[in-house]
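Hydrogens, waters and symmetry mates are skipped; everything else that's a heavy atom, side chains included, is used. A quick note: this is a predicted structure, and the numbers were derived from the prediction, not measured. Labels below follow one simple rule: chain letters A, B, ... track the order of the sequence lines, proteins then strands, and each chain is numbered from 1.
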Amino acid sequence: MIVNHDIFNSFWKGKNMPSENTASPSSFIHGIIEEDLKNSKNNGKVNTRFPPEPNGYLHIGHAKSICLNFGTALKYNGICNLRLDDTNPSKEEIEYVDSIKTDVKWLGFDWDNREYYASDYFEQLYGYAVELIKKGGAYVCDLNAEEIKEYRGKLTEAGKDSIYRNRSAQENLDLFQRMRAGEFPDGSRTLRAKIDMNSPNIHMRDPVIYRILRATHHRTGDKWCIYPMYDFAHCISDAIEGITHSICTLEFEIHRPLYDWILDHISVPCHPQQIEFARLNLSYTVMSKRKLLQLVQEQLVSGWDDPRMPTMAGMRRRGYTPEAIRNFCETIGVTKYNSLTDMALLEHCVRDDLNKKAPRVLGVLRPLKVVIDNYPENQTDQLDAVNNPEDLSAGTRKIPFSKIIYIEQDDFKENPPKDYFRLAPGKEVRFRYAYLATCTGVVKDPASGQIIEIHCNYDPATRGGNTPDGRKVKGTIHWVSAKHAVDAEIRLYGRLLTVADVSAEEGDFKSFLNPNSLEVLKNCKLERSLADAKSGSLFQFERQGYFCCDPDSKPEKPVFNRIVPLKDSWAKTEKGRKK
RNA sequence: UACCCCGUGGUGUAAUGGUAGCACAAGUGCCUUUGGCGCACUUAGUCAAGGUUCGAAUCCUUGCGGGGUAGCCA
């Protein structure tokens, strides 16, 4: 696993703080908050938290939650804590903790010194469990896992009481203490909340709140052999931290009565309000940690930071910017409707951001050799090129032109279709920033018939690409001088999956993996300046797309990732024509 | 067929009882030394039926459709 912190530390530091605007998604949640504010609830405070479990890498769905939680706190002058929800040591690792912190910072949010861990509350949580037992709200149950399942009943039928349900508080206290002391084997007993085995809500049928589990915790080591369950730990952690609005995803909606029940039955300092919203689903990808982990473990991708992954690490390596992701999160909104967001919207946000800030360069992905017959053998022109037409303060640079150049294979057609205004026999095009030239001949490989070389004559009067006589030339194509070019590897990424909505398909999601999601071009020709591009730096290769210098890049062999192609209305009409 | 939640153009959302709007996508045209960007325009929507109301996407009822929930996971 490669974690290149330099990618963003060098490039983005100080440039990626969210503005008031992008950090302010408006939604039904803010409606609730503003109502609370109006009623002076919580003394006018708005405190949130982002509470990931450190059992995997953060993905774009988490970004939505991060923007919501941190953005809400920012909007209402509150605070947002980072809390690692680490109550299940069997799945959690320090590597994940580190990556989570890295990703939240990279996205542009700051938890100051409020880096909290549910595990920091284990002692307090234990105390609250004791209080609950004393109040008759919890009991130690000796049923095993299968028995508990059986006693729980079904969705459509009530459960039945455990035979251990009516133990005395004294006995429960003694047993719970001995559970902690390690007197009983894993799985032999649990602490359960004493609620209602007939509840239509299965989560209220005496849920387990503590289990015996001998696993080394990444922070508390072997100090504990009992661990609190989510439902017990989360609401109390919220209360301990003074959270006012505990925002989570829809699948916890049915847990809310339990969240409230626990807080109502112990003496916590406050009672946060749980509010649920719909998690993000993105077309042509998967968003579950389990599936992403599978892709990594089965080496179907190169790692958590494979640029095809919807993880923050993957998107970072791909070249997506924090600003683009934040803007995306604002654009998609927050509701309770289970939706499927079009990947095209994310790509739009990426292009929109990159268009403003990415310097333009010339690079040829699939080179075709062009000889300018009437250009002097050993001459080199240094031509002025605009770095960014969207930002003239980015200035200009010099690019060298000479007798032999490379153009894109797509930019020449021996038998051009109608409306094709690139290079073709007898046709004139503009080499961007350089000269107008007319195609005079084609050289083919006698054996295969493949076009291997084009011949042109240029018009010396058109230096810089201008036409003193005012003639209009519609086609402008990019090029790179052969003798000045730097050879590079370019990785083109496609969609991870072949179907937009894999949840609607039957069978294993892996059978819908796009076999062509990665195409590596090893013979690309780029303008010289790209030889010393820094890892993580972003460019627009004119007429091609946006590209990001990969950590694998070396001065002698630069490597670039295509972040997203430019929109291509010609490809669209061509495709339409073929139909 | 238990309980809970959700249904607004193709997609994502706004309208909090008072003109159904925005963005993406799709399409057309203009502009253009990036077939990019930008600009203008077009297509297209309140799940259904009743009810309340001067007036309903919004409130009520029923139906239909979608999602969630039966870990000692979170």
Side-chain angles (χ1 to χ4, degrees), chain A residues 26-28 31 51-53 55 85-88 90-92 118 141 143-145 148-149 152-159 186-192 199-205 207-213 226-227 229-231 233-234 248-257 276 278 283 289 331-349 351-352 355-356 360 362 385-386 389-390 419-422 430-434 436 462 464-467 473-478 500 503 540-545 565-574:
Chain A
S26 186
S27 67
F28 77 97
E53 181 188 13
N55 68 342
D85 209 353
D86 55 350
T87 57
N88 182 1
S90 63
K91 285 176 152 186
E92 297 152 5
C141 182
L143 258 26
N144 65 31
I148 286 184
K149 184 180 162 79
R152 185 156 37 223
K154 298 264 172 59
L155 289 175
T156 51
E157 43 185 79
D186 285 12
S188 60
R189 290 182 219 256
T190 57
L191 183 69
R192 296 226 258 163
S199 173
N201 182 344
I202 283 188
H203 294 275
M204 298 298 272
R205 320 237 264 228
V208 171
I209 55 178
Y210 265 90
R211 76 281 216 184
I212 304 171
L213 176 63
I226 57 170
Y227 291 94
M229 299 289 291
Y230 165 86
D231 286 304
H234 202 93
C248 62
T249 43
L250 243 29
E251 68 270 25
F252 293 105
E253 199 161 34
I254 200 158
H255 294 239
R256 195 189 332 134
E276 311 84 15
S283 62
K289 276 189 192 169
T331 305
I332 56 177
V334 176
T335 68
K336 301 186 76 158
Y337 178 68
N338 281 302
S339 59
L340 178 66
T341 297
D342 193 342
M343 182 67 92
L345 183 57
L346 212 207
E347 291 176 344
H348 162 77
C349 292
R351 285 194 192 96
D352 190 49
N355 178 47
K356 287 174 278 186
R360 271 57 169 174
L362 301 185
V386 174
E390 304 292 317
D419 302 330
Y420 184 83
F421 42 84
R422 279 113 97 149
R430 173 185 294 108
F431 294 128
R432 172 137 244 226
Y433 300 125
L436 269 56
T462 57
N466 302 303
T467 51
V473 174
K474 230 176 173 188
T476 299
I477 64 177
H478 60 280
S503 74
Q540 184 197 95
F541 290 7
E542 291 205 35
R543 301 209 307 132
Q544 289 289 350
L566 249 29
K567 284 209 254 177
D568 187 349
S569 57
W570 168 246
K572 236 182 249 177
T573 57
E574 214 187 11

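- Backbone-only contact: A/Lys149 has heavy atoms under 4.0 Å from sugar-phosphate atoms and none from a base.
- Contact annotation for A/Asn144: base contact, defined as any heavy-atom pair under 4.0 Å involving a base atom.
- Remark: B/rG63 base-pairs with B/rC47; criterion is Watson-Crick or G-U wobble with both hydrogen-bond distances under 3.5 Å.
- The phosphate of B/rG36 (OP1 or OP2) has a side-chain N or O of A/Ser569 nearer than 4.0 angstrom.
- With the nearest nucleotide of RNA chain B identified for both A/Lys154 and A/Tyr420, A/Tyr420 has the one nearer the 5' end.
- Listed pair A/Arg152 / B/rG71 meets the phosphate criterion, a side-chain N or O lying under 4.0 Å from OP1 or OP2.
- Heavy-atom distances to RNA chain B give each of A/Tyr230 and A/Thr335 a nearest nucleotide, and the one nearer the 5′ end belongs to A/Thr335.
- Remark: the separation of the P atoms in B/rU16 and B/rA56 is 16 Å, to the nearest Å.
- Across all strands shown, B/rU53 forms no Watson-Crick or G-U wobble pair with both distances under 3.5 Å.
- Base-pair partner of B/rU1: not found among the strands shown (Watson-Crick or G-U wobble, both distances under 3.5 Å).
- Residue-level contact check: A/Asn338 touches the backbone only, with heavy atoms under 4.0 Å from sugar-phosphate atoms and none from bases.
- To the nearest angstrom, P of B/rA74 lies 8 Å from CG of A/Asp85.
- Counting any heavy atom pair closer than 4.0 Å across all strands shown, A/Phe421 reaches a base atom.
- Dashed line: the shortest gap from a side-chain N or O of A/Arg351 to OP1 or OP2 of B/rC37 is not under 4.0 Å.
- Contact annotation: A/Arg256 side-chain N/O to B/rG68 OP1/OP2 distance is not under 4.0 Å.
- Within the 4.0 angstrom heavy-atom criterion, base atoms lie near A/Glu390.
- The residue A/Lys567 sits close only to the backbone: its heavy atoms come under 4.0 Å of sugar-phosphate atoms, none of a base.
- At whole-Å resolution of the value, CG in A/Leu250 and P in B/rG67 are 13 Å apart.
- Of the nucleotides present, B/rU13 is the one that pairs with B/rG21 by Watson-Crick or G-U wobble criteria, both distances under 3.5 Å.
- Residue-nucleotide stacking is present for A/Trp570 and B/rG35, judged by a side-chain ring centre under 5.5 Å from the six-membered base ring centre and planes under 30° apart.
- The listed nucleotides are B/rG36, B/rA2, B/rC73; the one nearest the side chain of A/Pro200 is B/rA2.
- Using a 4.0 Å heavy-atom criterion, one finds that A/Asn466 contacts the bases of the nucleic acid, with or without backbone contacts as well.
- Judged by atom type and distance alone, A/Arg422 reaches the base of B/rG35 through a side-chain donor-acceptor pair under 3.5 Å.
- Of the possible polar contacts, one joining the A/Ser199 side chain to the A/Asn201 backbone as a donor-acceptor pair under 3.5 Å is found.
- Following rounding to the nearest Å, A/Ile202 (CD1) and B/rG71 (C1') show an atom-to-atom distance of 12 Å.
- Taking the six-membered ring where tryptophan is involved, the planes of A/His203 and A/His255 are tilted, since the angle between them lies from 30° to 60°.
- Below the 3.5 angstrom threshold, one finds no donor paired with an acceptor across the side chain of A/Glu251 and the base of B/rU69.
- Nucleic acid contact for A/Lys336: sugar-phosphate only, since backbone atoms but no base atoms lie under 4.0 Å from a heavy atom of the residue.
- Across the protein-nucleic acid pair, A/Leu155 atom CG and B/rG71 atom P stand 9 Å apart, rounded to whole Å.
- Distances shown here put every side-chain N or O of A/Thr156 at or beyond 4.0 Å from the OP1 or OP2 atom of B/rC3.
- Backbone-only engagement by A/Ile332 is indicated by non-hydrogen atom pairs under 4.0 Å involving sugar-phosphate atoms exclusively.
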